[in-house]
S.K.: 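After the structure tokens below, expect a handful of questions from me.
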Amino acid sequence: MAAKPVIAICSDDTELCLLLRHIVEAEGYASVLASSPAEMLAVLENEMPQAIVADTACEGCGLSALTQQIKSRSSGTVIPMAALIRADRSRELMRVPSGSMDEGFLRPLIPDRLLRFLARTVSAARAPRSEEQVLRQGDVAINVPGHVATCNGRRLDLPPIEFRLLYHLLRYPDRVHSRQALIPVLWDDAARVNPRSVDIHVSRLRRILRNGNTGTPIKTVRACGYIFDTCGL
């Protein structure tokens, strides 16, 4: 029987640790708990987890400090890391993923979002690498080789910037993207682009996806940016 993927959880909040352990083990993962960055580094001496979930409210578990220590211990192995961020520190989401963490989640945590992150990262780490042929989230899909986007089977007539925007959002769903982080994704000459230009193209993409329907999976996270929200798909 194949060993279960190990998820490391770092928090000094006992109730949160037990909750996260229940969530990941119910999904078929194994878990290991650490109450401090020092304990997390000790975990890495014995085993290499497939992903790490760190509570940034834990003393010493900032978005960058713990990550840099882990990178120095992991012998070049890339370990996907997710940050749990208190609601009153929501601006920290703007530093993810441009900062040290790969993903950020506001507390109180929505378990489905964490599990989708783990499913993507763990399966990617365990599967042979191959070029993505189709990106799909719900009814929205992009055929990468054919450079064709569809929504509910309807071919989308996307200008180049909107196509790049949708491609990026489909690659990284359920993740908050700040305007500043999206600029270099959408434009080569990023230095000359006003962040508000991102709003214009997000609005156009929403309108094209909607096409008379009332809903769109691209949501605004106030004061942070945009997210392709798969919860309602």
Side-chain angles (χ1 to χ4, degrees), residues 3-127 171-177 181 221 224 227-231:
K4 294 180 179 180
V6 176
I7 310 302
I9 299 165
C10 185
S11 176
D12 56 7
D13 183 331
T14 303
E15 290 186 4
L16 177 62
C17 275
L18 294 177
L19 173 63
L20 292 173
R21 165 173 272 180
H22 173 75
I23 290 171
V24 301
E25 292 188 353
E27 196 67 14
Y29 300 106
S31 67
V32 58
L33 305 183
S35 62
S36 68
E39 285 191 17
M40 179 58 69
L41 294 175
V43 166
L44 296 180
E45 296 291 339
N46 301 309
E47 59 183 307
M48 194 64 64
Q50 273 69 53
I52 295 173
V53 181
D55 176 14
T56 61
C58 173
E59 185 176 353
C61 283
L63 287 178
S64 58
L66 175 61
T67 319
Q68 294 307 316
Q69 294 179 70
I70 288 173
K71 285 180 179 178
S72 69
R73 297 286 186 95
S74 58
S75 303
T77 303
V78 177
I79 305 175
M81 296 184 63
L84 301 183
I85 300 169
R86 291 193 324 222
D88 61 353
R89 296 165 61 178
S90 61
R91 286 186 176 274
E92 288 188 359
L93 280 173
M94 298 179 67
R95 296 166 53 197
V96 181
S98 57
S100 301
M101 297 284 181
D102 299 285
E103 186 65 279
F105 301 102
L106 283 180
R107 295 177 58 183
L109 176 69
I110 299 176
D112 281 351
R113 290 185 172 174
L114 173 62
L115 292 176
R116 279 196 291 271
F117 165 76
L118 294 177
R120 290 196 307 271
T121 56
V122 171
S123 62
R126 293 163 70 88
R171 284 194 69 192
Y172 305 105
D174 299 315
R175 175 182 294 183
V176 177
H177 304 268
V221 179
C224 292
I227 183 172
F228 191 101
D229 188 355
T230 63
C231 283

S.K.: I need the Ile7 CD1 to Leu118 CG distance, nearest 0.5 Å.
M.R.: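 Going from CD1 on Ile7 over to CG on Leu118, the span is 4.5 Å.
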S.K.: Supply the atom-to-atom distance Ile9 CD1 to Asp55 CG, rounded to the nearest 0.5 angstrom.
M.R.: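 Taking CD1 in Ile9 and CG in Asp55, the distance rounds to 11.0 Å.
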S.K.: Measure the OG-NZ distance between Ser31 and Lys4 for me, rounded to the nearest 0.5 Å.
M.R.: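 Reported to 0.5 Å precision, the distance equals 9.5 Å.
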S.K.: Applying side-chain hydrogen bond (donor to acceptor under 3.5 Å, both in side chains), can you list everything that pairs with Arg113, at least two apart in sequence or on another chain?
M.R.: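 Only Asp229 meet the side-chain hydrogen bond (donor to acceptor under 3.5 Å, both in side chains) criterion with Arg113.
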S.K.: Quick check: does any side chain N or O of Asp174 sit under 3.5 Å from a backbone N or O of Thr230, one acting as donor and the other as acceptor?
M.R.: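 Answer holds: yes.
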S.K.: Hey, are the side chains of Pro5 and Glu27 touching, using non-hydrogen atoms and a 4.5 Å cut-off?
M.R.: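 A side-chain contact under 4.5 Å is absent here.
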S.K.: Rounded to the nearest 0.5 Å, what's the gap from CG on Leu19 to CG on Asp13? Could you check?
M.R.: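 Separation between the atoms: 9.5 Å.
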S.K.: Which heavy atom in Tyr29 sits nearest to a heavy atom in Ala119, and how many Å separate them?
M.R.: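 Scanning both residues, the minimum pair turns out to be OH-N, 3.5 Å.
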S.K.: Considering residues at least two apart in sequence or located in another chain, which fulfil the side-chain hydrogen bond (donor to acceptor under 3.5 Å, both in side chains) criterion with Glu39?
M.R.: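 Glu39 satisfies side-chain hydrogen bond (donor to acceptor under 3.5 Å, both in side chains) with Ser35 once adjacent residues are dropped.
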S.K.: Does Cys10 form a side chain to side chain contact (heavy atoms under 4.5 Å, CB included) with Met81? I'd like the steps, not just the answer.
M.R.: CA-CA 11 Å; Cys10 185; Met81 296 184 63; over 6 Å; no
S.K.: Do the non-hydrogen side-chain atoms of Cys17 and Asp12 ever get within less than 4.5 Å of each other?
M.R.: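 No, every pair of side-chain atoms sits at 4.5 Å or beyond.
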S.K.: State, yes or no, whether a side-chain contact exists between Leu84 and Leu20 at a heavy-atom distance under 4.5 Å.
M.R.: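 Side chain of Leu84 against side chain of Leu20, heavy atoms only: contact under 4.5 Å found.
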S.K.: Could you tell me which non-hydrogen atom of His177 sits nearest to which non-hydrogen atom of Tyr172, and how far apart they are?
M.R.: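 Shortest heavy-atom contact: NE2-O, 3.1 Å.
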S.K.: Can you name the closest pair of heavy atoms from Leu106 and Ala87 and give their distance?
M.R.: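 The answer is CD2-CA, 4.2 Å.
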S.K.: Under the 3.5 angstrom rule, does the side chain of Gln50 hit a backbone N or O of Val6 as a donor-acceptor pair?
M.R.: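 Yes, the answer is positive, given that a donor and an acceptor are paired below the 3.5 Å cut-off.
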